[in-house]
Amino acid sequence: MSLIQTQYLPHATETRARLETDPVVRTLLSPDITPDLMARFLIEWSARGAYMTEPVDGWIRGAGERCISLGQEKVGRQLITHAKHEAGHHLMTLQDARVLTAQWNAGHS
């Protein structure tokens, strides 16, 4: 049995089941959601998400460095390269928040 099957899937299955019944998620996925509610959710998601994603490149780089120190040179180099591609992605999320907020403000007093 793989680590994915023993360590990941039991937690993912439980979380997926909760998401299917969670009232907030059900509201967001409902075809009846109002455009204003969705817009307000996306503004907050983007604004908060930027701060959650800002350190991602550092985490990936750190994982790559640790892999190299454990003798996993190829994986480590690939992770470090990937980290360079992730750097600055949080800025796109901030830009999304700015655009969504400007659209909101244009349509609401």
Side-chain angles (χ1 to χ4, degrees):
M1 200 171 260
S2 75
L3 284 175
I4 289 175
Q5 292 170 321
T6 60
Q7 300 297 311
Y8 173 76
L9 287 178
H11 301 289
T13 301
E14 180 182 322
T15 299
R16 288 176 183 152
R18 279 197 326 263
L19 287 174
E20 290 177 11
T21 59
D22 183 85
V24 172
V25 174
R26 292 178 64 85
T27 297
L28 290 170
L29 297 178
S30 170
D32 300 324
I33 191 170
T34 65
D36 277 357
L37 181 58
M38 179 58 80
R40 289 181 4 227
F41 168 77
L42 290 173
I43 289 168
E44 185 163 346
W45 179 268
S46 296
R48 291 180 185 268
Y51 297 101
M52 291 187 295
T53 58
E54 184 175 9
V56 168
D57 63 309
W59 297 338
I60 296 170
R61 186 176 44 263
E65 291 166 355
R66 181 68 173 141
C67 285
I68 290 170
S69 74
L70 294 172
Q72 297 292 323
E73 182 79 24
K74 183 178 178 183
V75 173
R77 283 193 325 267
Q78 289 173 336
L79 286 168
I80 290 169
T81 298
H82 180 62
K84 293 174 186 172
H85 298 163
E86 290 295 322
H89 277 189
H90 69 288
L91 299 174
M92 292 185 291
T93 310
L94 285 173
Q95 183 61 24
D96 290 344
R98 287 184 189 104
V99 168
L100 289 164
T101 301
Q103 290 175 343
W104 177 269
N105 289 340
H108 299 81
S109 55

Scan residues 27-45 for pairs that pass salt bridge (charged side-chain N to carboxylate O under 4.0 Å, His left out), counting only residues two or more places apart or in two chains. Glu44-Arg48
Indicate every side-chain donor-acceptor pair of residues 7-20 with a distance under 3.5 Å to a residue at least two apart or in another chain.
| residue | atom | partner | partner atom | Å |
| --- | --- | --- | --- | --- |
| Thr13 | OG1 | Leu9 | O | 2.8 |
| Glu14 | OE2 | Arg18 | NH1 | 3.2 |
| Thr15 | OG1 | His11 | O | 3.0 |

Test of understanding: with side chain to side chain donor-acceptor pair (under 3.5 Å), list the residues that count as partners of Asp22, not counting sequence neighbours. none
Would you give the length of the straight line joining atom CG of Leu42 to atom CE of Met38, rounded to the nearest 0.5 angstrom? 5.5 Å
Show me the donor-acceptor pairs within less than 3.5 Å that the side chains of residues 76-83 make with the rest of the protein, sequence neighbours left out.
| residue | atom | partner | partner atom | Å |
| --- | --- | --- | --- | --- |
| Thr81 | OG1 | Arg77 | O | 3.0 |
| His82 | NE2 | Glu86 | OE2 | 3.3 |

Between Thr93 and His89, is any pair of side-chain heavy atoms under 4.5 Å apart? no
Exercise answer: donor-acceptor pairs, residues 67-75 side-chain atoms, under 3.5 Å, sequence neighbours excluded:
| residue | atom | partner | partner atom | Å |
| --- | --- | --- | --- | --- |
| Ser69 | OG | Arg66 | O | 2.8 |
| Ser69 | OG | Arg66 | NH1 | 3.4 |

With hydrophobic residues grouped by side-chain heavy-atom distances under 4.5 Å, do Trp45 and Leu37 end up in a single group? yes
Grouping I, L, V, M, F, W and Y whenever their side-chain heavy atoms are under 4.5 Å apart, do Leu29 and Ile33 come out in a common cluster? no
Going from CZ on Arg98 to CG on Leu100, what distance comes out if it is rounded to the nearest 0.5 angstrom? 12.0 Å
Heavy-atom closest contact (Thr101 atom, Ile43 atom, distance): OG1-CG2, 3.6 Å
Is there a chain of hydrophobic side chains (I, L, V, M, F, W, Y, each step under 4.5 Å between heavy atoms) that links Trp104 to Val99? no
Cut-off 3.5 Å, no hydrogens considered: what does the side-chain donor-acceptor table look like for residues 51-58, sequence neighbours left out?
| residue | atom | partner | partner atom | Å |
| --- | --- | --- | --- | --- |
| Thr53 | OG1 | Gly49 | O | 2.9 |
| Thr53 | OG1 | Ala50 | O | 3.3 |

